[in-house]
Amino acid sequence: MTSPAVGSRDLPHPAREEIRLEGVLHALSDPMRLRIVRELAAVGDELSCSQFELPVTKSTTTHHFRVLRESGVIQQIYRGTAKMNGLRKDDLDDLFPGLLDALLDAAAGQAARLGDA
């Protein structure tokens with residue numbers, strides 16, 4: 001039996017059962033990555049990488065997306081030439097009930113308190 005060819009543009013993601021709490025917490029400990037996740041949660045849909053306006057270089061932005069993807073926080077998929085990013089909310093909620101909502105609420109409260117909203 002021949003396995004399907006994996007496209008050169010397919011990106012590796014951990015399966016749901018491979019997502020680890022410490023990886024998720026590490027990914028969300030960086031302010032830029034937390035900002036990306038907050039934007040995805042606010043939109044509730046996929047966004048392309050180019051829709052994020054981050055005050056860092058393109059290579060640093062790519063690094064942040066890779067950390068989020070490899071930890072299982074986001075899913076990235078190519079649609080045409082755009083790399084689309086979506087929050088893996090269902091997977092995270094099933095594995096760690098309430099964690100993502102609590103972190104997003106805490107981040108929103110901090111942003112309001114510090115004037116970063």
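Values in this document were obtained by computation on a predicted structure and should not be read as measured data.
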Minimum-distance pair of heavy atoms, taken over all atoms of [X] and [Y]:
| X | Y | answer |
| --- | --- | --- |
| Leu92 | Gly72 | CD2-O, 4.0 Å |
| His13 | Ile74 | CD2-O, 3.8 Å |
| Arg88 | Pro14 | NH1-O, 2.8 Å |
| Arg38 | Ala108 | NH2-CA, 3.5 Å |
| Val73 | Ser71 | CG2-OG, 3.3 Å |
| Leu34 | Ala107 | CD2-CB, 3.8 Å |

Side chain of [X], backbone of [Y]: donor and acceptor closer than 3.5 Å?
| X | Y | result |
| --- | --- | --- |
| Glu18 | Ala15 | yes |
| Asn85 | Leu47 | yes |
| Gln51 | Ser48 | yes |

Once rounded to the nearest 0.5 Å, what's the spacing between atom NZ of Lys58 and atom OG of Ser50? 9.0 Å
Pairwise distance CD(Glu53) to OG1(Thr61) - rounded to 0.5 angstrom: 11.0 Å
Going by the rule ring-ring contact (aromatic ring centres under 6.0 Å, His included), which residues pair with Phe52 if we only count those two or more places apart in sequence or in a different chain? Phe65
Test item: side-chain donor near acceptor, Ser59 and Thr62, under 3.5 Å: no
Exceeds 12 heavy-atom contacts within 6.0 angstrom, atom CZ of Arg16: yes
Starting from the C-alpha separation in whole Å, work towards a yes-or-no answer on side chain to side chain donor-acceptor pair (under 3.5 Å) for Gln76 and Arg69. CA-CA 7 Å; Gln76 292 185 304; Arg69 177 177 40 83; 2.8 Å; yes
Please determine whether residues [X] and [Y] belong to a single hydrophobic cluster, defined as Ile, Leu, Val, Met, Phe, Trp and Tyr linked transitively by side-chain heavy-atom distances below 4.5 Å.
| X | Y | value |
| --- | --- | --- |
| Val67 | Leu87 | no |
| Ile19 | Leu11 | no |
| Leu40 | Val56 | yes |

Applying side-chain contact (heavy atoms from CB on, under 4.5 Å), name anything that partners Arg79, two or more places apart in sequence or on another chain. Glu46, Ile77, Met84
Can you tell whether the side chains of Asp101 and Lys89 come within less than 4.0 Å, N to carboxylate O? yes
List, one per line, each side-chain donor-acceptor pair under 3.5 Å for residues 23-30, sequence neighbours excluded.
| from | atom 1 | to | atom 2 | distance (Å) |
| --- | --- | --- | --- | --- |
| Ser29 | OG | His26 | O | 2.7 |
| Asp30 | OD2 | Met32 | N | 2.8 |
| Asp30 | OD2 | Arg33 | N | 3.2 |

